[in-house]
Every structure is written in C-alpha cells, then in structure tokens.
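Every number for a ligand or one of its atoms is a count from 1 in the order of the listing. This structure is a prediction, so every number in the text was calculated from the model and none was measured.
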Amino acid sequence: MLNIVLFGPPGAGKGTQSAKLIDKYQLVHLSTGDLLRSEIAAGTELGLKAKGLMAAGMLVPDDVVIGMIDNKLAQNPSSNGFIFDGFPRTIPQAEALDVLLKSRGTGISAMIALEVEEQELISRLLIRGQSSGRPDDQNETLIAQRVTEYNTKTRPVADFYKAQGKFHSVYGIGEIEEIFGNLCTVMDSL
Ligand code: AMP
C-alpha cells in the first residue's frame, strides 16, 4: 500500500493536490476537515461538538478525528492506499495513525509537505472564503488563529516523520500542474 501524509498549513493546496494524486495513483482521499464538515451538514452529535471549535479556528479533540480515520480505514480494506489530508495534525494523532496502520499490516510510506509562506496563505484563504462559504475562511483573525494552531501543534508532526526518515518537501507556490509534477516525482521515487 502507498500511504501518504500530505502536509502543510491551511491554504497550502493540500485539497487541490490530493484530488489530482488520488486520480493518478488510485488512492483513497481521507480529509478530516471534509469528514468533519459532512458531520456538521448531517447535524450529527459529533458535528455539533466540532462546529464551534472549527468556527473558532481551533483543532477538534484528537480522539474525535482518530475515531473517524479508524472508521474510514475499516470501510476501505482493499484500497491501494490512502492520502491523509489535514491529518495527523498533532503528535498523538501521528502516533495513533501508526498504531492503526500497523494493526492492518501496513504503515506510512512518506510525508510530503507543501511549503508556502505565511503571507501567501492568508491571501489565498481570504480569496477561497469568497466562494467556499467556509466560516473559518472569512476573516483574517480566524485565519491567523488557524495558522497559530498549525505553528504550535501541527508543525512538530514533520519532525515525527523526519525521525522515521519519511519526510519530503515540495515548494507549494506556482502553477498547480508544476507543483503536481514535483509531487509526482517524489511519489514515483517511493
Ligand atoms: P481543514 O479542512 O483541514 O482546513 O480543517 C478545518 C478545521 O477542521 C480545522 O481548522 C480544525 O478545526 C478541524 N480539523 C480538521 N482536521 C483536524 C485534525 N486532524 N485534528 C483536529 N482538528 C481538525
């Protein structure tokens, strides 16, 4: 199996590039942000719990997202592999993911980080907010809060994979196709 953590701050292009990667490599896309938004849209108890935190630009509790990933892994037993997008976002999530994959006889093949400077992220997210309808893309204070969560809780996850010799990075500013080509070069080297 090819199991990839596509990593990067909010607005780095993870969703856009995941869609292209799953198409080319026949992988299953697991975005915890998308899964949480589906729970909110369906009005579930989990969605209700997550809604306030997401709207405030805060991370939802680890056990909530780990449980969602566990369910999705169970639902796709014969997949070629997974692209994890927006997960793991904390060290405990990364540790739990290793345990979940190991129990299924597999593991993470690589983390690929999309590197984008902070000022570019903020302007991309403000533009996305005009059409996405996402409440957390609507104002600069909330976006800054998400970037702070990323810098304090999520950035250290890269070190977790560096320690395992699985870290790769790709520059995330430029044409979508050019960035995709650079991601594919890493994918094909795995
Ligand atoms: P995203 O669509 O990945 O930008 O995620 C949107 C929001 O969902 C984040 O700002 C968090 O509030 C929440 N979220 C998504 N994935 C996670 C995760 N792995 N851990 C904690 N919170 C998450």
A.B. asks: Decide, yes or no, whether a salt bridge links Asp137 with Arg146 under the criterion of side-chain N to carboxylate O below 4.0 Å.
C.D. replies: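 The answer is yes: the pair qualifies as a salt bridge.
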
A.B. asks: Pull out every atom of ligand 1 sitting under 4.0 Å from any heavy atom of Arg37, numbered as shown with elements.
C.D. replies: 2 (O), 6 (C)

A.B. asks: Name the closest protein heavy atom to atom 13 (C) of ligand 1, giving the residue it belongs to and the distance to 0.1 Å.
C.D. replies: Leu36 CD1, 3.6 Å

A.B. asks: For ligand 1, is any non-hydrogen atom under 4.0 Å from Gln145's backbone (N, CA, C, O), its side chain (CB onward), both, or neither?
C.D. replies: neither

A.B. asks: Does the gap between the ring centers of Phe87 and Phe7 come in under 6.0 Å?
C.D. replies: no

A.B. asks: Would you mind finding which of Lys51, Arg146, Arg89 brings a heavy atom closest to atom 3 (O) of ligand 1?
C.D. replies: Arg89

A.B. asks: Number the atoms of ligand 1 from 1 as they appear, then name those within less than 4.0 Å of a heavy atom of Met58, with their elements.
C.D. replies: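 Those of ligand 1 that fall under 4.0 Å from Met58 are 11 (C), 12 (O).
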
A.B. asks: Can you report which non-hydrogen protein atom sits closest to atom 16 (N) of ligand 1, along with the distance?
C.D. replies: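 Atom 16 (N) of ligand 1 sits closest to the protein heavy atom Thr32 OG1, 2.8 Å.
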
A.B. asks: Looking only at N/O atoms, are Arg134 and ligand 1 under 3.5 Å apart anywhere?
C.D. replies: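 Yes; at least one N/O pair falls below 3.5 Å.
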
A.B. asks: Can you check whether Asn3's main-chain N or O pairs, donor with acceptor, with Ser109's side chain at less than 3.5 Å?
C.D. replies: yes

A.B. asks: What protein heavy atom sits nearest atom 7 (C) of ligand 1, and how far away is it?
C.D. replies: Met54 CE, 3.7 Å

A.B. asks: Quick one: does Phe87 get an N or O within less than 3.5 Å of an N or O on ligand 1?
C.D. replies: no

A.B. asks: For Pro88, is at least one N or O under 3.5 Å away from an N or O on ligand 1?
C.D. replies: no

A.B. asks: What part of Val60, side chain from CB on, backbone N/CA/C/O, both or neither, has a heavy atom under 4.0 Å from ligand 1?
C.D. replies: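 For Val60, the contact with ligand 1 is made by both the backbone and the side chain.
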
A.B. asks: Begin from the C-alpha positions of Asn80 and Met1 and carry the test side-chain contact (heavy atoms from CB on, under 4.5 Å) through to its verdict.
C.D. replies: CA-CA 5 Å; Asn80 287 335; Met1 281 176 101; over 6 Å; no

A.B. asks: Minimum heavy-atom separation for Leu97 to Pro88, with atom names?
C.D. replies: CD2-CD, 4.0 Å

A.B. asks: Just checking, any donor-acceptor pair under 3.5 angstrom between side chains of Gln93 and Asp62?
C.D. replies: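 Short answer, yes.
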
A.B. asks: Can you confirm whether more than 12 heavy atoms, excluding those of Glu115, are under 6.0 Å from its CD atom?
C.D. replies: yes

A.B. asks: Looking at ligand 1, does any of its N/O atoms fall within less than 3.5 Å of an N/O of Gln93?
C.D. replies: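 The answer is yes, given that Gln93 and ligand 1 share an N or O pair closer than 3.5 Å.
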
A.B. asks: Using atom types as modelled and distance alone, determine if a side-chain donor or acceptor of Lys20 lies under 3.5 Å from a backbone N or O of Phe180.
C.D. replies: no

A.B. asks: Look up atom CE in Met68 and atom CG in Leu30, then write down how far apart they are to the nearest 0.5 Å.
C.D. replies: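 Answer for the CE-CG pair, Met68 versus Leu30, is 9.5 Å.
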
A.B. asks: Just heavy atoms, cut-off under 4.0 Å: does Leu59 contact ligand 1 by side chain, backbone, both, or neither?
C.D. replies: both

